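The structure under discussion appears below in the form of structure tokens.
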Amino acid sequence: MTAFQYTTRIPFRQKLPFQFNLTFGDAMTAVRLPFAIVCAMSMACVAAGCIGLDDEVPWVGDHQLEYYRQAAHRVQFDNVEAVTPHAPTLSPSTRGLRVPRPEEIWPIGLQEAVQMGLRGNTIIRQNAQFLSPGNPLLSNPDQAPSIFDVAIQDNGVLFGNRGVPAALSDYDPRVTATTSIGRDEQVQNNQFLSGGLDPGSVLVTDSGAFDIRLDQPLMAGGTISIVHNWDYSSNNADRLFASVYAGQLGLEFRQPLWAGAGAEVNGIAGHNSQRTRGVSGVNQGVVIAQINTKISQIDFERQVLELVRDIGQQYWDLYAAYQDYESEVAVRDRARQTFEEVRSKFTRGLPGGGAADEAQAEELSLDSEGRVETALSNMYAVEGRLRRLLGLPAEDERVLKPVDLPTATLPNVDRIALLQAAYSNRLDLRRQKSQIESLSLQAEAARNLANPRLDFVANSHLNGFGNDLYNQKTNDDTTVYGYNSAYSTLMRGQQVGWQMGLEFSVPLYLRAERAQIRQMELRLMKARRALEQQEIEIGHELHASLQALERWKKQTDIQSRRLEASKRRVMAASADYEAGRTSLDLLLRSQQSLAIAETARHRALAEHSKALLDLRYRAGDLLESHFIQMSSATPIAPPEPSLNTKPNPQGPLMVPPGSVELLPEIPLTNG
């Protein structure tokens, strides 16, 4: 046997090459011409490919390893050192840790800071994440909260996370078209079944097919379809027409009657045609997608709420930092003045100017210098954190300085009304209630889908037949009706077919369906218990917040009286020292005590304002207190200001996207 063999080796991980062997023997002469042509064309393509291959191709020659080395060096990576167009850069003339000049001070109110922070944060920053190794903005920016999250959720396409457009796509009409042609040659072995051909003759058949259908899913779970198809056949058998077209134009309808029936269950679980048993679950419908979008809006509102809270806390921390710095500067000036007086007495040998007194005064002066630098550094650190939350660049000649004063007034609080308002306003409860609504609907859909599947099916169609697909001449000179044109026969509507019936199916035991029902019921029970505990938790939070507010109110009063006493002590100690009735040590201690008292009072005032802010946050009224409403509609007039809030001359700040109703006013008034 003479043979021709072609072998090609394809490397696989540089090991275990496999080969293709094509062997042709003497039997090749018996192969018909079309197959021989195909084989010849294949060999020509292989040969042409080998001729055109570059020397770098790994399976040609001995360049396998070298090819991969060169390819690795040719890989292009993104330029990680390139600066994006909006990336901030460090200024060559940094302001450093120096005392800001008056023209560099940027006075800012709390309401202005909040508005600036909301307008300057496309990606919402979190104060607690700054300088943290796990900062999501750096480690996982895809999970960082942003203004795009609601739109991303609303346009979700994945199972269990679909948005409204993806859920509505289940009801979009779908067009499906297929076409094919073919040829078949068979030797006939039976004279009676060969279509008039002699045994041993070859039956040559040319075929073609064209199918197109338009499927329209219905909200009730059914599907209505328009179907049109043509089959073409041509052969050398003894027939009416050597070539013929046969086809149909029909209407099909399928409607579930038991499981999956009705617009309600399909709106929850998704349309029957798109539902896969054990995969898609019961949360693919439009109703669930709308609830998911509402939950994402609540999550976005929560992130805005957290940002406003962080800005408020940082604002009052910056106020306290400025006051601490100014107090330390005053102490430093007094300590420096005392040191100069003691040194003057020491050099002149006057009473009260001993070496120990001079050294102690200098030590206190240097200590106050150090505390001033520490306070200045802390002030810039707090200012930098606030600047970050407002979306301002890190390097700026202007230095933010709060102009609003903290309140020392304790508001009158109706605890019962406050708790009821929190139950209505808290985003945690609103989100959990939406989740319970979603789970309740899913449990209902799961119970429906646990029923057997019973579908009503029906179809009706017109049949077409003809020698040509379309011909204006219908007479075929053979038959009475004339079948020269297949479309003409179809449009006459004389050949009609129809069918209707029921289709029943049920998985025995229904284990997966019953497990799904049980899971949804358990999840629903857990969600309801969690809602109860959330309400209890909110009660504890409000109680703790009210206690903190009362505590800092008392601390503010105590520290105010302490400051007055410290001032009187400094005045008395200074007079006694000048008169020689007391030592320098008592004077220096009184000055240190005054600095501590001033710092404690400013800190108590700031903490009292932060506690008031936290009470607003726990009661769910923080956004309303800053005239912020989550809406894309026309702004609504802001409520009357309360709890040391200032009116916004520009009206309420609108934060897209989404539309959330205005929260009710919390019953808090200034005492």
Side-chain angles (χ1 to χ4, degrees), residues 95-102 104-110 312-342 360-387 399-409 551-575 577 584-612:
R95 62 192 180 190
L97 295 179
R98 60 174 177 81
V99 180
R101 295 186 291 270
E104 296 175 345
I105 296 297
W106 182 358
I108 186 172
L110 178 57
Q313 291 183 337
Q314 209 62 29
Y315 183 89
W316 294 120
D317 284 341
L318 182 59
Y319 166 84
Y322 265 99
Q323 298 300 323
D324 291 347
Y325 170 72
E326 293 175 359
S327 297
E328 295 296 345
V329 168
V331 172
R332 180 201 61 187
D333 294 341
R334 288 193 295 265
R336 184 179 297 171
Q337 180 181 1
T338 302
F339 171 62
E340 295 295 337
E341 294 176 357
V342 173
Q360 184 179 8
E362 184 178 11
E363 178 187 4
L364 179 61
S365 177
L366 294 175
D367 178 69
S368 62
E369 288 282 353
R371 289 201 303 270
V372 167
E373 294 300 325
T374 300
L376 181 63
S377 176
N378 179 65
M379 184 191 73
Y380 274 117
V382 178
E383 192 265 354
R385 282 180 172 268
L386 179 59
R387 180 180 292 273
V399 182
L400 298 174
K401 184 176 183 179
V403 295
D404 289 349
L405 299 178
T407 178
T409 304
R551 179 177 71 252
W552 287 113
K553 167 59 179 173
K554 292 181 178 180
Q555 285 290 331
T556 301
D557 296 339
I558 292 173
Q559 298 304 328
S560 297
R561 295 196 300 269
R562 176 188 176 185
L563 179 60
E564 294 298 327
S566 296
K567 291 180 179 179
R568 294 196 304 271
R569 177 185 174 185
V570 169
M571 295 176 60
S574 178
Y577 176 74
L584 178 64
D585 180 68
L586 293 178
L587 175 60
L588 297 178
R589 288 186 180 183
S590 66
Q591 293 177 349
Q592 290 179 334
S593 178
L594 177 60
I596 295 174
E598 289 179 341
T599 301
R601 181 179 181 276
H602 296 316
R603 179 58 59 183
L605 283 172
E607 291 297 331
H608 181 269
S609 295
K610 290 169 63 176
L612 195 59

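Just so you know, residue 1 is the first one in the sequence shown, and it goes up from there. Please read these numbers as outputs of a predicted model, since none were measured by experiment.
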Nearest 0.5 Å, please: how far is [atom2] in [Y] from [atom1] in [X]?
{"X": "Q559", "Y": "K554", "atom1": "CD", "atom2": "NZ", "answer": "14.5 Å"}
{"X": "Q591", "Y": "L586", "atom1": "CD", "atom2": "CG", "answer": "11.5 Å"}
{"X": "N378", "Y": "Y322", "atom1": "CG", "atom2": "OH", "answer": "12.0 Å"}
{"X": "E362", "Y": "L366", "atom1": "CD", "atom2": "CG", "answer": "5.5 Å"}
{"X": "S574", "Y": "R569", "atom1": "OG", "atom2": "CZ", "answer": "13.0 Å"}
{"X": "W316", "Y": "K610", "atom1": "CH2", "atom2": "NZ", "answer": "11.5 Å"}

Checking [X] side chain against [Y] main chain: does a donor-acceptor pair fall under 3.5 Å?
{"X": "H608", "Y": "T407", "value": "yes"}
{"X": "S566", "Y": "R562", "value": "yes"}
{"X": "Y325", "Y": "T374", "value": "no"}

K553: what forms a salt bridge (charged side-chain N to carboxylate O under 4.0 Å, His left out) with it, not counting sequence neighbours? D557
Kindly write out the residues that satisfy salt bridge (charged side-chain N to carboxylate O under 4.0 Å, His left out) with D324, not counting sequence neighbours, or none if the list is empty. R603
For residues [X] and [Y], report the shortest heavy-atom separation together with the two atoms involved.
{"X": "A606", "Y": "Y319", "answer": "CB-CD2, 4.4 Å"}
{"X": "P100", "Y": "L376", "answer": "CD-CD1, 4.5 Å"}
{"X": "Y380", "Y": "V99", "answer": "OH-C, 4.4 Å"}

Can you name the side chain to side chain contact (heavy atoms under 4.5 Å, CB included) partners of [X], sequence neighbours left out?
{"X": "D585", "result": "Q360, S583, R589"}
{"X": "S327", "result": "E598, T599, H602"}
{"X": "K567", "result": "L563, E564, L594"}
{"X": "S560", "result": "T556, R601"}

Side chain to side chain donor-acceptor pair (under 3.5 Å) partners of [X], counting only residues at least two apart:
{"X": "R385", "result": "N127"}
{"X": "E326", "result": "none"}
{"X": "R336", "result": "E369"}
{"X": "S365", "result": "none"}

Start with the C-alpha distance between Y315 and L400, add both sets of side-chain angles, then the distance that settles side-chain contact (heavy atoms from CB on, under 4.5 Å), and finish with yes or no. CA-CA 10 Å; Y315 183 89; L400 298 174; over 6 Å; no
Taking the side chain as every heavy atom from C-beta outward, state whether L110 and P402 have any atom pair closer than 4.5 Å. no
Could you check if a side-chain atom of L364 sits within less than 4.5 angstrom of a side-chain atom of T338, using non-hydrogen atoms only? no
For side-chain contact (heavy atoms from CB on, under 4.5 Å), just list the numbers for L386 and E383, CA-CA rounded to whole Å, side-chain angles, deciding distance to a tenth of an Å, and then say yes or no. CA-CA 5 Å; L386 179 59; E383 192 265 354; 5.8 Å; no
Do the charged groups of E328 and R332 touch, with an N to O distance under 4.0 Å? no
Would W106 and K401 satisfy side-chain contact (heavy atoms from CB on, under 4.5 Å), going step by step from the backbone distance to the final call? CA-CA 6 Å; W106 182 358; K401 184 176 183 179; over 6 Å; no
